[in-house]
A.B. asks: 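Following this message is one structure expressed as structure tokens.
Counting starts at 1 for both ligands and their atoms, in listed order.
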Amino acid sequence: METGQTEISTLGEFGLIERLTKELPLKNTETKLGVGDDAAVLNFGEKDALVTTDLLLEGIHFDLRYVPLKHLGYKSAIVNFSDIYAMNGTPRQITVSIGVSSRFTVEHIEELYSGIRLACETYGVDLVGGDTSASVTGLVISITCIGDVEQGKAVTRSGAKPTDILCVSGDLGAAYMGLQLLERENRVSAGKKDFQPDFAGKEYILERQLKPEARKDIIEELHRNGITPTAMMDVSDGLSSELLHICKSSGVGCRVYEDRIPIDYQTALMAEEFNMNLVTAAMNGGEDYELLFTVPITDNEKVEKIKGVTMIGYVTKPELGCAMMTRDGAEIPVKAQGWNAFNNV
Ligand code: ADP
Ligand code: MG
């Protein structure tokens with residue numbers, strides 16, 4: 001055991017829970033009762049409640065050889081907040097359930113929780129409960145997030161109409177290129193003691209992979225400008241896959257312009273270094289946690305003014321299918337090649 005580390009068995013389940021959940025002041029008036037009883041008590045009054053949950057398994061969704069536990073905690077919470085924002089809502093509470101194998105010490109799990117707590121503080125969310133268990137095979141994290149939205153104002157994937165404009169926030173493909181970089185450095189460093197990877201000039205793509213943010217700011221900007229998207233979702237599995245989801249749910253087609261897909265300079269450099277097709281990486285990389293949404297064409301000017309939003313195409317009748325217009329004018333069908341947990345085992 002590393003020095004200064006505490007075996008979980010010395011605290012036991014309840015001792016660990018106490019350590020993880022001490023001092024959790026409640027921030028939201030909807031949270032009537034938090035951790036410590038058989039259930040949390042929430043009240044949403046006139047609002048609609050939103051619920052989303054995510055399961056993360058070591059070896060499938062994350063690799064602790066290059067993901068620090070604090071970052072993992074932060075990201076585990078963020079991906080849930082992102083789902084609530086993607087419904088046009090505000091995340092308010094989370095519950096966190098963990099399965100922990102004997103490899104982990106109390107300090108490791110506290111490190112994970114420091115990331116979860118930081119995410120909760122940053123986004124104004126209350127941690128109101130969870131469950132704790134031993135695990136045979138590694139670390140398991142399941143987070144459920146509860147949010148709210150004005151009654152009837154939830155934005156689903158199914159409201160896109162022909163002629164609507166397709167928009168995306170931020171830029172795409174960076175998290176994926178960050179992952180490629182981390183995996184490469186991990187391969188190169190295997191077995192080498194004191195190996196220092198050189199990440200200079202690659203901070204942005206690493207941050208996009210290790211410490212993503214949910215686009216609370218974009219939701220606020222849309223509200224401020226009086227724009228309600230007709231359909232919306234977050235980009236977690238890659239733009240291609242999400243475009244197909246919106247088109248299928250809404251019963252429409254779409255056209256996306258290759259040259260309008262927002263890509264950061266570091267992403268482009270990294271793709272070149274890896275000899276990868278940049279647009280393919282941006283369309284299929286995933287883990288961007290940006291918002292993909294559609295707005296009526298009458299909101300064109302309003303949406304154009306919002307910083308960090310790019311109009312990438314438009315919605316069509318379903319017969320036209322879902323296609324990308326390439327730089328040289330060709331039309332190629334959009335295919336889902338996004339990340340799929342069942343392809344990676
Ligand atoms: P129960 O027997 O009802 O499952 P527990 O002893 O597991 O209760 O949990 C006691 C309290 O601590 C509950 O309020 C529960 O929501 C909370 N809790 C348990 N594990 C965690 C965790 N990993 N993170 C946050 N809260 C937790
Ligand atoms: Mg329990």
A.B. asks: Under a 4.0 angstrom heavy-atom cut-off, which atoms of ligand 1 come close to E13?
C.D. replies: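 Numbered from 1, ligand 1 contributes 7 (O).
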A.B. asks: Taking L11 as the starting point, is it possible to reach L24 by hopping between hydrophobic residues whose side chains are less than 4.5 Å apart?
C.D. replies: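 Per the 4.5 Å side-chain linkage, L24 and L11 are co-clustered.
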A.B. asks: Closest by any non-hydrogen atom to atom 21 (C) of ligand 1: pick that one out of I94, T132, V100.
C.D. replies: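 The residue whose heavy atom sits nearest atom 21 (C) of ligand 1 is T132.
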A.B. asks: Looking only at the side chains, is there a donor atom on one of E107 and T6 sitting less than 3.5 Å from an acceptor on the other?
C.D. replies: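 E107 vs T6: donor-acceptor pair found between side chains.
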A.B. asks: Can you see whether Y289 has R215 sitting over its ring - NZ or CZ less than 6.0 Å from the centre and within 45° of the normal?
C.D. replies: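 Geometry flag: not set, cation outside 6.0 Å or 45°.
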A.B. asks: Atoms of ligand 1 less than 4.0 Å from V96 heavy atoms?
C.D. replies: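 Those of ligand 1 that fall under 4.0 Å from V96 are 22 (C), 23 (N), 24 (N).
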A.B. asks: Does the side chain of M276 reach to within under 4.5 Å of the side chain of Q180, using non-hydrogen atoms?
C.D. replies: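 With C-beta onward as the side chain, the pair touches.
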A.B. asks: Backbone or side chain, does any N or O of T21 fall under 3.5 Å from an N or O of ligand 1?
C.D. replies: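 Among all N and O atoms of T21, none is under 3.5 Å from an N or O of ligand 1.
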A.B. asks: Are V128 and F44 in one and the same hydrophobic cluster, where Ile, Leu, Val, Met, Phe, Trp and Tyr link if side-chain heavy atoms are under 4.5 Å apart?
C.D. replies: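 Looking at the clustering, F44 is in a separate group from V128.
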A.B. asks: Taking only heavy atoms of Y113 into account, list the atoms of ligand 1 that are under 4.0 Å away from them.
C.D. replies: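 Counting from 1, the qualifying ligand atoms are 22 (C), 23 (N), 24 (N), 25 (C).
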A.B. asks: As a check for students: among G130, S133, S97, identify the option with a heavy atom nearest to atom 19 (C) of ligand 1.
C.D. replies: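 Heavy atom nearest to atom 19 (C) of ligand 1 belongs to G130.
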A.B. asks: Out of E207, E213, E287, which one pairs with K75 under the salt bridge (Lys or Arg N to Asp or Glu O under 4.0 Å) rule?
C.D. replies: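 So the option named by the test is E287.
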A.B. asks: Is there a polar contact, in the sense of an N or O pair closer than 3.5 Å, between I17 and ligand 1?
C.D. replies: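 No, there is no polar N/O contact under 3.5 Å.
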A.B. asks: For ligand 1, note which part of V35 has a heavy atom under 4.0 Å away: side chain, backbone, both or neither.
C.D. replies: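 V35 to ligand 1: contacts from backbone and side chain alike.
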A.B. asks: Would you check whether L20 has a nitrogen or oxygen atom less than 3.5 angstrom from a nitrogen or oxygen atom of ligand 1?
C.D. replies: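 It does not: no N or O of L20 is found under 3.5 Å from an N or O of ligand 1.
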A.B. asks: For F14, counting its heavy atoms only, list the atoms of ligand 1 lying under 4.0 Å from any of them.
C.D. replies: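 In order of number, 6 (O).
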A.B. asks: Verify the cluster assignment for V125 and V51: are they in a single hydrophobic cluster under the rule of side-chain heavy atoms below 4.5 Å apart?
C.D. replies: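 Hydrophobic grouping puts V125 apart from V51.
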A.B. asks: Mark yes or no: K216 above the aromatic ring of Y85, with NZ or CZ under 6.0 Å from the six-membered ring centre and no more than 45 degrees from the axis.
C.D. replies: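 Relative to the ring axis of Y85, which defines the angle, K216 lies outside at least one limit.
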A.B. asks: Between D37 and ligand 1, is there a nitrogen or oxygen pair with a distance under 3.5 Å?
C.D. replies: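 N/O-N/O distance below 3.5 Å exists for this pair.
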